[in-house]
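Heads up, the thing below is written out as structure tokens.
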Amino acid sequence: QVQLVESGGGLVQAGGSLRLSCAASGTFFSIPTMGWHRQAPGKQRELVATITSGGSTNYADSVKGRFAISRDNAKNTVYLQMNSLKPEDTAVYYCQIVARTTWASVYDYWGQGTQVTVSS
């Protein structure tokens with residue numbers, strides 16, 4: 001019922017920028033939290049950034065000052081602006097939403113993932 005479609009990944013040189021987008025569709029009453037996670041080969045998935053419906057943000061220490069998360073509530077879309085990219089940012093990036101789909105049900109949903117590769 002709820003679907004997340006990611007876009008914006010690709011190959012970029014170190015120091016470059018990318019902007020990831022994740023659009024949510026389906027039937028829901030609200031999306032209290034949106035966020036991004038990433039997972040590199042052989043590594044555990046880690047939280048990158050989150051943003052609440054009220055605009056409160058949280059970032060991993062490794063991306064503070066370089067990445068910025070934002071959301072467009074009218075479009076049910078979350079963005080991740082990534083600047084000053086480093087090779088260690090290379091990973092599959094997954095968007096996540098916490099959505100209220102009924103008056104009493106809240107669930108966690110994930111996008112399909114988009115590859116970000118930063119070359120040195």
Side-chain angles (χ1 to χ4, degrees):
Q1 189 172 30
V2 176
Q3 181 175 298
L4 278 62
V5 179
E6 300 182 33
S7 62
L11 174 65
V12 65
Q13 292 184 348
S17 299
L18 286 173
R19 191 176 81 148
L20 306 183
S21 299
C22 179
S25 63
T27 302
F28 39 73
F29 292 96
S30 65
I31 305 176
T33 304
M34 292 178 161
W36 293 91
H37 293 71
R38 67 186 182 186
Q39 186 168 24
K43 304 293 184 180
Q44 293 186 334
R45 185 167 57 184
E46 65 173 338
L47 173 69
V48 176
T50 61
I51 184 169
T52 69
S53 59
S56 179
T57 59
N58 182 51
Y59 296 94
D61 288 340
S62 60
V63 306
K64 285 182 178 178
R66 300 188 298 117
F67 291 9
I69 188 171
S70 61
R71 61 189 284 172
D72 186 333
N73 292 330
K75 297 180 179 180
N76 293 324
T77 300
V78 61
Y79 305 93
L80 185 68
Q81 179 66 47
M82 304 184 293
N83 299 321
S84 301
L85 283 162
K86 304 175 181 179
E88 49 263 46
D89 294 319
T90 296
V92 177
Y93 285 70
Y94 299 90
C95 68
Q96 175 220 27
I97 67 168
V98 177
R100 183 176 295 278
T101 56
T102 71
W103 67 273
S105 299
V106 178
Y107 292 101
D108 201 45
Y109 298 93
W110 294 85
Q112 80 281 5
T114 184
Q115 177 70 47
V116 171
T117 302
V118 184
S119 64
S120 59

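Computed from heavy atoms alone, side chains included, the values below leave out hydrogens, waters and symmetry copies.
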Check whether any side-chain heavy atom of [X] lies under 4.5 Å from a side-chain heavy atom of [Y], and answer yes or no.
X	Y	value
Ser53	Arg71	yes
Leu47	Thr50	yes
Thr117	Val12	no
Thr27	Val2	no

Cluster overlap [X] with [Y], hydrophobic side-chain contacts below 4.5 Å:
X	Y	result
Leu80	Tyr94	no
Ile69	Leu4	yes
Tyr107	Val78	yes
Tyr59	Ile51	yes
Val48	Val98	no

Report the residues that fulfil side chain to side chain donor-acceptor pair (under 3.5 Å) with Asp61, sequence neighbours left out, ordered by chain and then residue number.
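Checked Asp61 against side chain to side chain donor-acceptor pair (under 3.5 Å); matches are Lys64.
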If you look only at distance, which donor and acceptor atoms sit under 3.5 Å apart when one is on a side chain in residues 28-38 and the other is two or more places apart or in another chain?
{"from": "Arg38", "atom 1": "NE", "to": "Glu46", "atom 2": "OE2", "distance (Å)": "2.7"}
{"from": "Arg38", "atom 1": "NH1", "to": "Asp89", "atom 2": "OD1", "distance (Å)": "2.9"}
{"from": "Arg38", "atom 1": "NH1", "to": "Tyr93", "atom 2": "OH", "distance (Å)": "2.9"}
{"from": "Arg38", "atom 1": "NH2", "to": "Glu46", "atom 2": "OE2", "distance (Å)": "3.2"}
{"from": "Arg38", "atom 1": "NH2", "to": "Ser62", "atom 2": "OG", "distance (Å)": "3.4"}

Give, for atom CD of Gln3 and atom CD of Gln112, the distance between the pair rounded to the nearest 0.5 Å.
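Separation between the atoms: 8.5 Å.
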Tell me yes or no: between the side chains of Thr90 and Glu88, is some donor less than 3.5 Å from an acceptor?
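No pair is found: no donor N or O on one side chain lies under 3.5 Å from an acceptor on the other.
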Counting N and O atoms only, with roles assigned by atom type, does the side chain of Thr77 sit under 3.5 Å from a partner on the main chain of Lys75, one being a donor and the other an acceptor?
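Looks like yes, one N/O pair under 3.5 Å.
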For Gly113, does its backbone N or O pair with a side-chain atom of Glu6 as donor and acceptor, under 3.5 Å?
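Indeed, once roles are kept as given, a pair shorter than 3.5 Å links the two residues.
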Evaluation steps, side chain to side chain contact (heavy atoms under 4.5 Å, CB included), between Val116 and Met82:
CA-CA 10 Å; Val116 171; Met82 304 184 293; 3.9 Å; yes
Enumerate donor-acceptor pairs with a distance under 3.5 Å from any side-chain N or O in residues 14-22 to protein atoms, sequence neighbours excluded.
{"from": "Ser17", "atom 1": "OG", "to": "Asn83", "atom 2": "OD1", "distance (Å)": "2.9"}

